[in-house]
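Encoded as structure tokens, the structure appears first; notes follow it.
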Amino acid sequence: MPTAFPSSGTPSTEPAARASGLTKTYGKGETRVTALDAVSVEFARGRFTAVMGPSGSGKSTLMHCMAGLDPVTSGSARIGGVELSSLNDRRLTELRREKVGFVFQGFNLLSTLTALENILLPLRLAGRRPEAAWLDTVIATVGLAGRLAHRPSQLSGGQQQRVAVARALLARPEIVFADEPTGNLDSRSGAEVLGFLRESVRELGQTVVMVTHDPVAAAHADRVVFLADGRLVDELREPTADAVLDRMLAFEARGRAS
Ligand SMILES: Nc1ncnc2c1ncn2[C@@H]1O[C@H](COP(=O)(O)OP(=O)(O)O)[C@@H](O)[C@H]1O
Ligand SMILES: [Mg+2]
């Protein structure tokens, strides 16, 4: 089995990513919003974690802060033991390129590039060459072998998102963050993309953190953490869709009672 983190010098007991007392506020004065309120959470290596919670609960903010796309207001965000706030812009850009993969709801592919060119783009920007065997493994894992010369407009939504997943996996990142990756897909394409994310964890040892609203999607994960009002309020291990749904309904009932 290929190792997912050949270049990582961090010991294997270190989580792939960790937030400690992570607080994020937007705006000032009366319009100030606390998007995250002292969130502490660890994402273990080689595991698939789902992040759930109502709209506005801070899920995207958590992904952005953990991925170094948005600075934290206070507290700490670490990738593989590296404190993101200790890095200058150049080092942060390097870390994002080398250690973090990001999959967005809207695919974020360049329309003038082929599928293969899109997959290779982050490595190209980093001035690195892909390892041929690994490229083949990733392409096979996401099932894109026959579609590499297609442009995004010639691909279905599900195929486009598979390109985005392949792009995120190619640099062998420490961690992949996926923010509602199946949100714009029909249920069959969504199931395929979830299957590939699951497979990247099982077969390639990848660490994946995925935001979703869907209990069935969350059931693909090893663990589900629940956010409400910018706080981590609960978690489930080895979730089933029914168990996730029960927990969501319990939160809603509690929300109505308060
Ligand atoms: N760039 C921003 N500027 C101001 N407020 C923001 C910004 N991004 C998010 N927020 C606010 O932070 C809170 C959490 O948002 P978000 O992380 O997008 O939630 P979720 O992804 O769970 O729907 C919301 O109240 C949202 O309005
Ligand atoms: Mg969001």
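Order of appearance sets the numbers: ligands from 1, and atoms from 1 within every ligand. Here the structure is a predicted model, which is why all the values come from computation and not from measurement.
- Each of L185, V142, V103 was scored for a side-chain contact (heavy atoms from CB on, under 4.5 Å) with V193, with one residue passing: L185.
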Worked verdict on H64 versus F177 for ring pair (Phe, Tyr, Trp, His ring centres under 6.0 Å)
CA-CA 9 Å; H64 294 159; F177 295 104; 9.6 Å; no
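- In the displayed structure, R198 atom CZ is contacted under 6.0 Å by more than 12 heavy atoms of other residues, nucleotides or ligands.
- Sorted by chain then number, the residues whose non-hydrogen atoms approach ligand 1 to under 4.0 Å are Y26, V33, A35, P54, S55, G56, S57, G58, K59, S60, T61.
- Using a 4.0 Å cut-off between a side-chain N of Lys or Arg and a carboxylate O of Asp or Glu, E94 and K99 do not qualify as a salt bridge.
- For S60, the side chain to side chain donor-acceptor pair (under 3.5 Å) criterion is met by D179, not counting sequence neighbours.
- Within the protein, the number of N/O/S atoms found under 2.8 Å from the Mg ion (ligand 2) is 1.
- Under the rule for a side chain to side chain donor-acceptor pair (under 3.5 Å), R97 has no partner lying at least two apart in sequence or in another chain.
- Using a 4.0 Å cut-off between charged nitrogen and carboxylate oxygen, R172 and E131 count as a salt-bridge pair.
- The shortest non-hydrogen separation linking V72 to C65 is CG1-CB, 4.0 Å.
- Atom CG of D89 has 12 or fewer heavy atoms from other residues, nucleotides or ligands within 6.0 Å.
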